[in-house]
Amino acid sequence: MTTPASCRVGVIGAGYVGLTTAACLAHLGHEVRCSDRDTARVELLSSGRIPIFEEGLEDLIRTGLASGHLAFGANNTWAVEDAEFTLLCLPTPEGPDGGPDMSVVEAVATEIGPHLKDESIVVNKSTVPVGSADGVARVLGRSDVRIVSNPEFLREGSAVHDFLHPDRIVIGALDEETAVRVSGLFAGTDAPVVFTNPVTAETIKYASNAFLAAKVSFVNAVAALCEAVGADVRQVCVGMGLDPRIGSSFLHPGPGWGGSCFPKDTVALVRIAEEAGYDFSLLKGVIAVNQEQYDRVAQKAARLAGGSLSGVRVGLWGVTFKARTDDLRSSPALEVARRLVEAGATVTAYDPTLRRAVEGIEVVFDAYAACEGASVVVLATEWDEFRWLDFDKVGSAMARRAIVDARNLLDPAALRRAGFEYEGIGIL
Ligand code: UDX
């Protein structure tokens, strides 16, 4: 795409998506005001620091603040006044019935409606129930303002890269002129644009996340099959991944998928489908396989600990839901830890980004300290540093040499030579 014309943009919500969006749009040359109701967060951001761990984001925010292209405030009205585009980057947590809770989006829409610039565009980046654009339009109460769905596909850990080098930009609008105006926001990035209606755009977002979750559940199920029949899942994945229709990415077995999106969005999509009269049984299976995967990892630990976890010390390497983030939301590591504790184990955890207490487990600041006196260690997050540990030192610290490598990160042969009992996922 070509160089953008600079636009005034309001971003509501300085969470993970809002911050990345605001910083990247400022980087692309727009004048961005980003608001959040959390005043402490706003103060921190205004001083050029960020409350999350995300590669490249802090630098981008500092550059934006210094150039005057980016500003933070606690007032939504300030963010949207004179803005040609208002981007909603708000939380839609899982509600009590499994469906997404829209109360924050609706409250903000009610608040900003009267203050939006005439003929401006509201762009929804939150993952909202299919068909929500109509509801948001009603709450806004502005017939001159257009509502567009523009879902984000940002991966934590590479969100800045994903925003500036997207695989695709999905714009769900009811008329072409609005869609073209929104696409101008992304001028300066180069990606195919899918122009469609809002309902289809919202469905693309849910379907993409559900498909990726299905791919991981599938490979985790294949790993279980490999263990049963004596195959090696690593080679199965190489063989499968060479088929371009399958592809090798998202084909790594692990402790199950987690994070801020997959668990919430898969449950939401089952619910959305149900309400629309479709029983999405395939997706229910994907979710069930994921729950089983947490159980399977805990069972492996029990097996290596000699059959029972009662009174056993377990070391946990990695607590975040994946490497290169500090995010603990729906972390498979914590799901496994909970099962270990329920079975009577004491869990001592180390994660390179974890500097606070976590309920139910002891947190230490060193990988070796985590395995002190442990009968088994579970490697749950694929932090690279775990590859390079001194495994003799690890073994000496442990009560017995046993490792569950739930990410297939380590070298089984080397560990077995060093006297460890080793169990990976789908590896004999
Ligand atoms: C995801 C989507 O990728 C992104 O497009 C969307 O907008 C938000 O949700 P993210 O939550 O950052 O991004 O995590 P992602 O990298 O997709 O991983 C999701 C989970 O699947 C993690 O728990 C990860 O460890 C697991 N995973 C992923 C595997 O176990 N194996 C794989 O091969 C890939």
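Counting starts at 1 for both ligands and their atoms, in listed order. Nothing here was measured: the structure is a model prediction, and the numbers come from that model. All heavy atoms count here, side chains included; hydrogens, waters and symmetry mates do not.
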Within the 4.0 Å heavy-atom cut-off, what Val219 brings close to ligand 1 is neither
Residue, atom and distance of the protein heavy atom nearest atom 21 (O) of ligand 1 read Trp257 CB, 3.4 Å
* Hey, are Thr353 and Asp351 close enough side-chain-wise for a donor-acceptor pair under 3.5 Å? -> yes
Item to check | Electrostatic pair Lys300-Glu227, nearest N-O below 4.0 angstrom | outcome: yes
Nearest non-hydrogen protein atom to atom 23 (O) of ligand 1, with distance, is Gly258 N, 3.0 Å
Counting from 1 in the order shown, the ligand 1 atoms closer than 4.0 Å to a non-hydrogen atom of Glu156 are 12 (O)
If you scan protein heavy atoms around atom 5 (O) of ligand 1, the nearest is Phe153 O, 3.3 Å
Should Arg296 and Gln291 be marked as a side chain to side chain contact (heavy atoms under 4.5 Å, CB included) after you check the CA-CA gap, both sets of side-chain angles, and the distance that decides it?
CA-CA 9 Å; Arg296 291 178 63 80; Gln291 294 291 325; over 6 Å; no
If you scan protein heavy atoms around atom 15 (P) of ligand 1, the nearest is Lys322 NZ, 3.7 Å
Candidates His252, Gln293, Arg324, Arg329; heavy atom nearest atom 32 (C) of ligand 1 found on His252
### Message
Do Arg401 and Phe420 form a cation-pi contact, if we require the NZ or CZ to be under 6.0 Å from the six-membered ring centre and within 45 degrees of the ring's axis?
### Response
yes
Rounding to 0.5 Å, atoms CH2 (Trp317) and OG1 (Thr348) come to a distance of 13.0 Å
**Request:** Report yes if some N/O of Phe321 lies less than 3.5 Å from some N/O of ligand 1; otherwise report no.
**Result:** yes
- Query: Looking only at side chains, do Thr320 and Asp327 share a donor and an acceptor under 3.5 Å apart?
  - Reply: no
Check your understanding: Could Lys393 and Tyr368 be counted as a cation-pi pair, given that NZ or CZ must be under 6.0 Å from the ring centre and within 45° of the axis?
Key -> yes
Within the structure, does Ser260 bring an N/O atom to less than 3.5 angstrom of an N/O atom in ligand 1? no
Short version for Lys205: what comes under 4.0 Å of ligand 1, heavy atoms counted, is side chain
Would you check if there is a donor-acceptor pair between the side chains of Tyr16 and Glu152 at a distance under 3.5 Å? no
among protein heavy atoms, the one nearest atom 28 (C) of ligand 1 is Phe250 CE2, 3.5 Å
Within the 4.0 Å heavy-atom cut-off, what Leu251 brings close to ligand 1 is backbone
Near Arg155 (heavy-atom distance under 4.0 Å), the atoms of ligand 1 are 3 (O), 12 (O), 13 (O)
Atom 4 (C) of ligand 1 sits nearest the protein heavy atom Leu154 O, 3.6 Å
**Q.** side chain to side chain donor-acceptor pair (under 3.5 Å) evaluation trace for Ser149 with Asn124
**A.** CA-CA 5 Å; Ser149 165; Asn124 195 3; over 6 Å; no
Checklist entry - Do the side chains of His161 and Glu55 get nearer than 4.5 Å, heavy atoms only? => result no
Within 4.0 Å of some non-hydrogen atom of Val216, the atoms of ligand 1 are 27 (N), 28 (C), 29 (C), 30 (O), 31 (N), 32 (C), 34 (C)
Of all protein heavy atoms, the one nearest atom 19 (C) of ligand 1 is Phe262 CE2, 3.5 Å
message = Less than 6.0 angstrom from the centroid, inside 45 degrees of the normal: does Arg168 satisfy that with respect to the ring of Phe153?
response = yes
Problem - Whether Arg407 lies under 4.0 Å from ligand 1, heavy atom - result: yes
Under 4.0 Å from one or more heavy atoms of Cys261, ligand 1 contributes atoms 8 (C), 9 (O)
